[in-house]
2 protein chains.
Amino acid sequence: MDKSLGKGLLALEILAESEAPLGVTALAGRMGITKSNAHRLLTALVATGYAEPTQPRGSYASSLKLWRLGARIVARLDVKSIAAPHLARLVAETQETANLSVLDGPFMVYIDRVETDTYIRSYNRIGDRHPAHCTGTGLALLAHAPEETLAQALAEMKPHTPATITDPTALATRLAQIRRLGFATTRAEFRPGINSIAAPIRGAHGRVVAAIGLSGPAERLKPARVKTLAPLVAATAEKVSRLLGAPAP
Amino acid sequence: MDKSLGKGLLALEILAESEAPLGVTALAGRMGITKSNAHRLLTALVATGYAEPTQPRGSYASSLKLWRLGARIVARLDVKSIAAPHLARLVAETQETANLSVLDGPFMVYIDRVETDTYIRSYNRIGDRHPAHCTGTGLALLAHAPEETLAQALAEMKPHTPATITDPTALATRLAQIRRLGFATTRAEFRPGINSIAAPIRGAHGRVVAAIGLSGPAERLKPARVKTLAPLVAATAEKVSRLLGAPAP
DNA sequence: CACGGTTTTCCATATTGTGGAACGGAGCGG
DNA sequence: CCGCTCCGTTCCACAATATGGAAAACCGTG
């Protein structure tokens, strides 16, 4: 069904993820199709505005159109704009990196992020997607996710560090604990040496729609400090929840 | 050429821009195609992960995949991450809304924006695209754009308010002035009652790659205040330019 | 339960995408 | 300066593929 649509979208993906512009042969090679096919796909993408030929011509790069469309999608999740100033405040008060994530199946996706200018650039970027079971915001989201999503997450439980949780029942008790406390903490479960604190944000209907989190190096985020910061993160998430019209807890 | 690719992409656009999920008939109606055709496009989009059926099923919505791809694209323009803290500082010091834009043909696109929490939510959102000739950052970008882009912009010069500049030679002298001063100012040329100040950001090769701008209501951004703020905006743009590796001016 | 609104499936038709081969240019080395 | 090679681009006959009509499954409602 609709073979050429699939090919075209794949071409777009490869183009968007490629660092440098790609030529016809390069694209054909990566996709395993003929040159003439790749060329036709590219001209179609150019005609629709999703790709642009580079100068001097011979190569093609993805345009901003794709991104503009995507921006519309996240704009609908207006959690982002409402949470933004609170993310910034959290960073100002703690000097740690803050981020905002939503659930995408059994994964978490960063939709916003504010970094401290004092810290080394992190390897995570907005739009990156990681397994929910080993990240702070991921766990906070999973703790309030529907049964079905949890089942998907169980299937994705691979270890990323020695500390990654892999036992399904252990995960269940952990999620219960997160629900009880109102926040989640992790210790080097996704990236070695990186700890985190996260709390869920509820939307107008009281359901969890996003999570706000703080993460930083273990030397700075020691257990004692985590203990003092957790209420701050939880309070911030709660404040955003209220702004979204969530009922009192 | 590649008709179904075009249709599929159009379907994606409509889906992404629609506020609510769409059904088969609604999509077919907006696209002017048959229901069965729309249905096949949708199942193909679902198969490739760009759309998701809603529950209860019968409708379709765009997924986050599109946005994640787009995020990769802008991440490559690392102006955004480097400028972010400076945008924030500008907002903190002036209590006005700051934004960061790049040129997309004869249009400007907001790639980042920091709003002051004291002000009414603006109607512009990240990803929005507006004509360059009547916005602050647009003019700042246009003043340093290649001949070809300028020509395209001339073709797009439609008035948006009584104050919008529409005469090609007037635009030329204005751009020359902007180049001389190092910053651009506008007075209600795009939105009535909204003034702005903007300055260009240069990349590693000395070429202008983005612009930073401040905008706010005319009551607050009076000529006298604009005069004092302009050097601040220009200095901020200059600072970011240096961080990007731009040579001294 | 029957109705009007869906979404979904099926299928013959020809439109449309396909890949091979041939063309035109750019860059390189002899 | 020529001939080589590697690239993007064009062309075309063929067949795979998208197409739309009609009909079937579906769902909520009166």
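No hydrogens, no waters, no symmetry mates; every other heavy atom, side chains included, goes into these values. To find a chain, count down the sequence lines: A is the first, B the second, and so on, and within it residues start at 1.
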Check your understanding: Is there a side chain to side chain contact (heavy atoms under 4.5 Å, CB included) between B/Y60 and B/H39 once you walk through the steps?
Key -> CA-CA 10 Å; B/Y60 297 84; B/H39 181 258; 4.3 Å; yes
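A residue-by-residue look at A/S36 and B/S36 shows that A/S36 has its nearest nucleotide of DNA chain D further toward the 5' end. Nearest-nucleotide positions on DNA chain D place A/A26 closer to the 5' end than the other of A/A26 and B/K35.
One interatomic measurement links the two molecules: CG of A/L22 to P of D/dC7, which rounds to 13 Å at whole-angstrom precision. Between the NE2 atom of B/H39 and the C1' atom of D/dC26 there is a distance of 12 Å, rounded to whole Å. Distance B/K7 NZ to D/dA18 P: 11 Å, rounded to the nearest Å. Separating the CE atom of A/M31 from the C1' atom of C/dT18 is a distance of 13 Å, rounded to the nearest angstrom. In this structure, A/K3 atom NZ and D/dA18 atom P are separated by 8 Å, rounded to whole Å. Residue B/L41 contributes atom CG, which lies 13 Å from atom P of C/dT8 at whole-angstrom precision. Here the C1' atom of nucleotide D/dG20 and the CG atom of B/L27 are 16 Å apart, to the nearest Å. Between the CZ atom of B/R40 and the C1' atom of C/dC10 there is a distance of 13 Å, given to the nearest Å.
Looking at A/R174 and A/E189, a side-chain N of the basic residue comes within less than 4.0 Å of a carboxylate O on the acidic one, giving a salt bridge.
At the heavy-atom level, A/T34 lies under 4.0 Å from base atoms of the strands shown.
Comparing D/dT19, C/dT7, C/dG20 against the side chain of B/N37 picks out D/dT19 as the nearest.
Ring-plane geometry between A/H130 and A/Y110 is classed as perpendicular, the angle between the planes exceeding 60 degrees on a 0 to 90 degree scale with a lower cut at 30.
How far CG of A/L142 is from CD1 of A/I178: 8.0 Å, rounded to the nearest 0.5 Å.
One finds no side-chain N or O of B/Y60 lying less than 4.0 angstrom from the OP1 or OP2 phosphate oxygen of C/dT6.
With C1' as the reference atom, C/dA12 and D/dA25 are 22 Å apart, rounded to whole Å. Comparing the P positions of C/dT9 and C/dG5 gives an interatomic distance of 23 Å, to the nearest angstrom. The separation of D/dA23 from D/dC27, taken at their P atoms, amounts to 22 Å, rounded to a whole angstrom.
Applying the 6.0 Å contact sphere to CZ of A/R179 captures more than 12 heavy atoms from other residues, nucleotides or ligands.
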